[in-house]
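In what follows, a structure is listed as structure tokens, so that the remarks can point back to it.
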Amino acid sequence: MATQRDTLFRYLTMLQLIPRAPQFKATTTLQALLAERGFIIELRSIQRDLEKMSNHFPLLCNKNERPYRWSFDPSFTSNLPALDTASALTLVLAEEYLKGLLPQIAVDKLSPQFNGARKYLDGLQENGYASWARQVRAIPNGKALLPATVSPQVWQGISDALLERQAINVEYLSRQQKEVKSFTLHPQGLVVRHSVSYLLAMVNDYDDIRQFALHRIHNLISSDAPYREQPNFSVESYIEQGAFGYPLAQKDVELIAKIDKGMAWLLAETPISTKQQLSEPDTNGWVTLTATVPNDQQTQWWIMGFGARIQVLQPHTWREAIIEQAQKMMEQYQSAPSAQHQALS
């Protein structure tokens, strides 16, 4: 005879087997999965159990088909729903991507979820999914630098300070002055840009927001100073104002350029802007790109990365800046001895 303890474990196991909508598990499937885990129970009993649990959990039942199909409400935030194949693959891809973006200590915080996804895929031997975790990779667009190393103590201290709204005392390596200085910081936000994580904070008694690279924080402790907050500060607005994009001007500009067919194909699939137009190729195969883009150095650097595959026509200031840069490169390469000449000398 089943004890209350057995019933409780059966309930918990059943909840773990039910996925979030739109995925579902039929009662017959749940019966088979429960049997694999040692719970032998009739189909009608499973249905009664689910009806009882739906009074306490956001369970959805599709009674239009038989056997009935069960799922959790998609907005339900819990680790109880079973991990499905698509979610597991998404987590594996996310791990690959985040390894090149976040400090290792941050990635390690998610290791239980990543390990769970890999174990789930490894357990699907019969369905042929076991090797999928080794068959997916996330490749960054362009050369990605390795994430800067952040100590566990600093990452934990920053996380706690942001969450609990506390001031912190730090020893920080100044990039410009190349010396370690002591500050009292009042954290307001956190931004990950390329391979570097930045704390946005007010310093000492100043009210302006400054950026502090986490890997340059050598030591961090809680401060006795009262925490100061900027109530109207928004990380999104801060970024939009060009804090990380090295803005040239506040307004967007219209970019007009000649691009080759390969670049045109790339931008047709992944546009540079929501306001973008591509012409038909001319007699020489060049396509005219017209797009509204931010007037910042990030966009200019992106353009220069394509080299001779793009010719900027407008804005005129961009065209002149690119020409000037190209001329400096030519002078530099012409004046420097070639590698072959150095090898023979």
Side-chain angles (χ1 to χ4, degrees), residues 75 77 94 97-98 100-110 144-145 147-253 272-275 292-302:
S75 62
T77 54
Y97 177 76
L98 292 176
L101 179 67
L102 294 176
Q104 186 60 46
I105 180 61
V107 178
D108 290 343
K109 294 291 184 181
L110 296 173
L145 303 178
T149 302
V150 178
S151 75
Q153 179 234 357
V154 167
W155 184 266
Q156 187 65 52
I158 294 296
S159 302
D160 292 342
L162 279 169
L163 181 65
E164 299 173 11
R165 299 178 181 275
Q166 292 182 344
I168 52 176
N169 295 330
V170 303
E171 293 179 358
Y172 186 76
L173 175 62
S174 172
R175 180 178 177 181
Q176 294 180 340
Q177 300 181 9
K178 298 181 180 179
E179 62 178 332
V180 176
K181 292 189 173 184
S182 298
F183 299 114
T184 297
L185 303 183
H186 303 266
Q188 308 294 318
L190 184 67
V191 172
V192 177
R193 182 174 182 270
H194 302 319
S195 301
V196 179
S197 300
Y198 294 91
L199 173 67
L200 307 182
M202 294 186 294
V203 185
N204 299 333
D205 296 326
Y206 296 97
D207 293 329
D208 58 316
I209 301 295
R210 303 184 191 180
Q211 303 169 14
F212 296 86
L214 265 57
H215 65 278
R216 297 198 199 106
I217 298 178
H218 289 189
N219 193 24
L220 180 153
I221 59 173
S222 297
S223 174
D224 294 331
Y227 175 75
R228 297 193 300 117
E229 182 179 11
Q230 280 200 9
N232 298 323
F233 175 74
S234 164
V235 174
E236 183 177 0
S237 298
Y238 181 77
I239 295 172
E240 288 178 351
Q241 293 169 6
F244 286 92
Y246 307 104
L248 300 177
Q250 292 296 324
K251 294 183 179 180
D252 291 342
V253 295
I272 188 177
S273 163
T274 56
K275 299 178 180 179
T292 302
V293 297
N295 189 12
D296 58 17
Q297 288 187 353
Q298 289 288 93
T299 308
Q300 283 195 21
W301 292 339
W302 177 84

CA sep, side-chain torsions, deciding dist, call: Ile217, Glu171, side-chain contact (heavy atoms from CB on, under 4.5 Å)
CA-CA 6 Å; Ile217 298 178; Glu171 293 179 358; over 6 Å; no
Could you pull out the closest heavy-atom pair between Ile168 and Ala161, with the gap in Å?
CG2-CB, 3.7 Å
For Gln166 against Ser222, the heavy-atom pair lying closest together
OE1-OG, 4.0 Å
Quick one about Gln211 and Tyr238 (side-chain donor to acceptor, distance below 3.5 Å, no hydrogens or angles considered), yes or no?
yes
Just to verify, what does Ala148 make a side chain to side chain contact (heavy atoms under 4.5 Å, CB included) with, not counting sequence neighbours?
His215
Any donor-acceptor pair under 3.5 Å linking the side-chain atoms of Asn169 with those of Ser223?
yes
Taking only residues two or more places apart in sequence, or in another chain, which ones meet Ser151 in a side chain to side chain contact (heavy atoms under 4.5 Å, CB included)?
Gln153, Val154
Who passes side-chain hydrogen bond (donor to acceptor under 3.5 Å, both in side chains) against Gln230, sequence neighbours left out?
none
Could you list the residues that satisfy side-chain hydrogen bond (donor to acceptor under 3.5 Å, both in side chains) with Ser273, not counting sequence neighbours?
none
Please enumerate all residues that pass salt bridge (charged side-chain N to carboxylate O under 4.0 Å, His left out) together with Glu229, with sequence neighbours excluded.
Arg165
Determine the minimum heavy-atom distance between Asp252 and Pro294, stating which atoms define it.
OD1-CA, 3.5 Å
Would you say the side chain of Val253 lies within less than 4.5 Å of the side chain of Val293, judging by non-hydrogen atoms?
yes
For Gln156 and Asp160, which I'm curious about, is there any donor-acceptor pair between the side chains at under 3.5 Å?
yes
Establish, yes or no, whether a centroid distance under 6.0 Å links the rings of Tyr198 and Phe212.
no
Distance-only donor-acceptor hits, side chain of residues 199-209, under 3.5 Å, sequence neighbours excluded:
from	atom 1	to	atom 2	distance (Å)
Asn204	OD1	Thr184	N	3.0
Asp207	OD1	Arg228	NH1	2.8
Asp208	OD2	Arg210	NE	3.2

Which residues pass the side chain to side chain contact (heavy atoms under 4.5 Å, CB included) test with Leu190, sequence neighbours left out?
Trp155, Ile158, Leu162, Leu214
Working for side-chain contact (heavy atoms from CB on, under 4.5 Å), residues Lys181 and Tyr172
CA-CA 5 Å; Lys181 292 189 173 184; Tyr172 186 76; 5.6 Å; no
Heavy-atom side-chain contact between Trp302 and Gln298 under 4.5 Å
no
With Ser237 via side chain to side chain contact (heavy atoms under 4.5 Å, CB included) - residues at least two apart
Ser234, Gln241
